[in-house]
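In what follows, a structure is listed as structure tokens, so that the remarks can point back to it.
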Amino acid sequence: MSRLAQTHGLTNVQQEIVSTVRDFVDKEIIPVATELEHRDEYPQQIVDGLKELGLFGLMIPEEYGGLGESLLTYALCVEEIARGWMSVSGIINTHFIVAYMLKQHGTQEQRDTFLPRMAAGEVRGAFSMSEPALGSDVSAITSKAVKDGDEYVLNGQKMWLTNGGTSTLVAVLVRSDEGHPEGTAPHKSMTTFLVEKEPGFGEVRPGLTIPGKIDKMGYKGVDTTELIMDGLRVPANRVLGGVTGRGFYQMMDGVEVGRVNVAARGCGVAQRAFELGVRYAQQRQTFGKQIAQHQAIQFKLAEMATKVEAAHAMMVNAARKKDSGERNDLEAGMAKYLASEYCKEVVEDAFRIHGGYGFSKEYEIERLYREAPMLLIGEGTAEIQKMIIGRRLLEEYRFQG
């Protein structure tokens with residue numbers, strides 16, 4: 001166990017879970033991650049291993065066959081997995097956002113139907129908010145659901161769907177003007193639908209098409225896709241929570257969990273970058289001594305380690321806040337913002353320590369250098385996080401004059 005990023009106050013069970021995941025990462029993920037990433041190959045064997053460990057049910061309540069663990073435990077596991085290969089952490093992140101939304105907002109029938117199979121890894125979750133012209137403005141969603149008897153007909157195009165091909169249950173946010181008079185605020189006329197589908201690409205059920213994977217700079221292995229709905233019929237009992245118009249709030253609640261997850265990913269990638277940098281600095285020699293003995297490199301290592309420690313502390317704080325039942329959008333926004341920015345900086349410093357070798361695909365840092373930028377935009381850009389943070393601070397520090 002490294003000296004950095006220790007978490008105090010964990011139970012024996014939490015320590016055992018995190019230690020087990022760390023061992024799995026060291027033995028099963030790190031040795032193969034770069035090779036699989038270069039081939040953009042889905043890590044099926046790794047995913048099967050996580051399923052055997054019970055990680056797909058980590059936060060799902062025990063009554064539904066899960067482990068019933070906290071967001072903190074989950075975040076620490078994500079941190080370890082991202083340290084091995086960030087793409088694997090993305091595979092379970094979207095799954096857990098959907099499971100969390102079901103647990104918090106689903107009807108009893110929806111929880112009974114999906115959560116036990118999600119805990120076993122038989123049903124794999126994904127969620128979809130973004131659209132081709134959407135960006136950060138969720139209120140501009142144009143995908144629409146129209147009521148038709150006991151069903152809704154969905155039409156529209158969604159974008160940046162993680163696990164688009166491998167998932168079998170997608171939580172999709174669309175506009176649903178039914179029951180909401182003209183002039184209703186956009187965020188009050190959105191509904192989340194639970195859409196079941198077959199895994200794979202092409203037409204995965206009537207009216208629903210998942211085109212092939214989007215070719216990305218990094219974050220490879222995991223499938224990122226579009227989702228096209230053309231007359232997709234969804235029964236009314238698959239409206240999340242059973243009531244239309246609540247989708248925006250349900251999704252934002254899930255995204256808070258997602259932001260803690262992205263912060264944890266940033267912490268994990270930064271830890272790995274530090275490990276690679278400090279190791280290489282003690283292997284490479286220039287001017288007759290290890291480069292680690294040069295003051296300039298020591299300064300870099302000091303800055304990198306401090307950023308790893310600070311990001312981890314903020315991530316843990318945000319997770320514990322959510323676990324306590326308190327509002328944590330401020331803490332989650334701060335943690336996501338700081339961890340993703342620090343991750344980019346720590347990875348770049350490790351890249352610089354490697355010199356020309358950092359540019360070679362033979363070295364792991366080259367992969368991390370392409371992966372870190374995704375964290376700057378995933379679950380909301382830095383600018384969005386700063387807007388959230390600023391607004392919440394003004395609520396907390398309102399001037400009474």
Side-chain angles (χ1 to χ4, degrees), residues 5 17-18 20-30 32-34 36-37 40-51 53-59 69 71-100 121 124-127 160-164 166-167 216 218-224 254-255 257-273 275 308 311-312 315-316 318-319 332 335-336 339-340 342-344 346-347 364 367-368 370-380:
I17 290 172
V18 175
T20 299
V21 172
R22 187 179 183 90
D23 288 344
F24 180 85
V25 168
D26 287 339
K27 295 174 183 176
E28 305 296 335
I29 298 183
I30 289 178
V32 300
T34 297
L36 292 175
E37 196 271 350
D40 197 7
E41 181 177 328
Y42 187 79
Q44 187 61 59
Q45 188 171 341
I46 293 173
V47 171
D48 290 342
L50 294 176
K51 183 177 174 180
L53 290 178
L55 283 195
F56 282 99
L58 188 61
M59 277 182 66
E69 271 297 330
L71 177 59
L72 175 60
T73 307
Y74 170 61
L76 295 176
C77 290
V78 167
E79 183 179 37
E80 294 294 346
I81 292 169
R83 174 180 154 267
W85 184 12
M86 192 180 73
S87 292
V88 179
S89 65
I91 291 170
I92 63 173
N93 176 43
T94 53
H95 176 84
F96 266 105
I97 289 179
V98 177
Y100 173 82
R124 302 275 292 285
F127 78 105
W160 305 117
L161 180 65
T162 301
N163 288 337
T166 49
S167 60
K216 309 182 296 288
Y219 198 41
K220 295 179 179 290
V222 60
D223 45 294
T224 305
V255 165
V257 173
R259 284 177 179 148
V260 174
N261 172 284
V262 172
R265 286 197 245 181
C267 292
V269 174
Q271 283 184 50
R272 184 58 181 166
E275 291 172 3
V308 167
H312 175 83
M315 179 271 291
V316 168
K336 191 275 174 185
S340 59
Y342 275 0
C343 174
K344 172 185 70 76
V346 171
V347 167
E364 189 178 341
R367 169 171 62 82
L368 271 58
R370 288 183 290 104
E371 289 179 338
M374 196 285 289
L375 299 173
L376 300 174
I377 54 177
E379 314 295 13

Mind checking whether [X] and [Y] have side chains closer than 4.5 Å, heavy atoms only?
| X | Y | value |
| --- | --- | --- |
| Met315 | Leu76 | yes |
| Leu71 | Tyr100 | no |
| Phe24 | Leu50 | yes |
| Ile91 | Pro43 | yes |
| Ser167 | Thr94 | no |
| Phe96 | Val257 | no |

Minimum heavy-atom distance between [X] and [Y], given as atom pair plus value:
| X | Y | result |
| --- | --- | --- |
| Ala126 | Thr162 | CB-O, 3.4 Å |
| Ala33 | Gly84 | CB-O, 3.7 Å |
| Ala82 | Val269 | O-CG2, 3.8 Å |
| Leu376 | Ser340 | CD2-O, 3.6 Å |
| Ser89 | Arg265 | OG-CD, 2.8 Å |
| Leu375 | Gly266 | CD1-CA, 3.5 Å |

Of all residues at least two apart in sequence or in a different chain, which pass the salt bridge (charged side-chain N to carboxylate O under 4.0 Å, His left out) check with [X]?
| X | result |
| --- | --- |
| Asp23 | none |
| Glu379 | none |
| Asp26 | Arg83 |
| Glu69 | none |

Nearest 0.5 angstrom please: [X] [atom1] to [Y] [atom2], how far?
| X | Y | atom1 | atom2 | value |
| --- | --- | --- | --- | --- |
| Asn163 | Phe127 | CG | CZ | 10.5 Å |
| Arg22 | Ile29 | CZ | CD1 | 12.0 Å |
| Glu37 | Arg367 | CD | CZ | 6.5 Å |

Side-chain donor/acceptor of [X] to backbone N/O of [Y], under 3.5 Å:
| X | Y | value |
| --- | --- | --- |
| Lys216 | Met374 | no |
| Lys336 | Gly378 | yes |
| Ser87 | Lys220 | yes |
| Asp223 | Thr166 | yes |

Sequence neighbours excluded, which residues qualify as ring-ring contact (aromatic ring centres under 6.0 Å, His included) partners of Phe56?
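ring-ring contact (aromatic ring centres under 6.0 Å, His included) list for Phe56, sorted by chain: His95.
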If you apply the rule side chain to side chain contact (heavy atoms under 4.5 Å, CB included), what do you find for Tyr42 with Val47, and how did you get there?
CA-CA 9 Å; Tyr42 187 79; Val47 171; 3.7 Å; yes
By side-chain hydrogen bond (donor to acceptor under 3.5 Å, both in side chains), which residues pair with Lys27, not counting sequence neighbours?
none
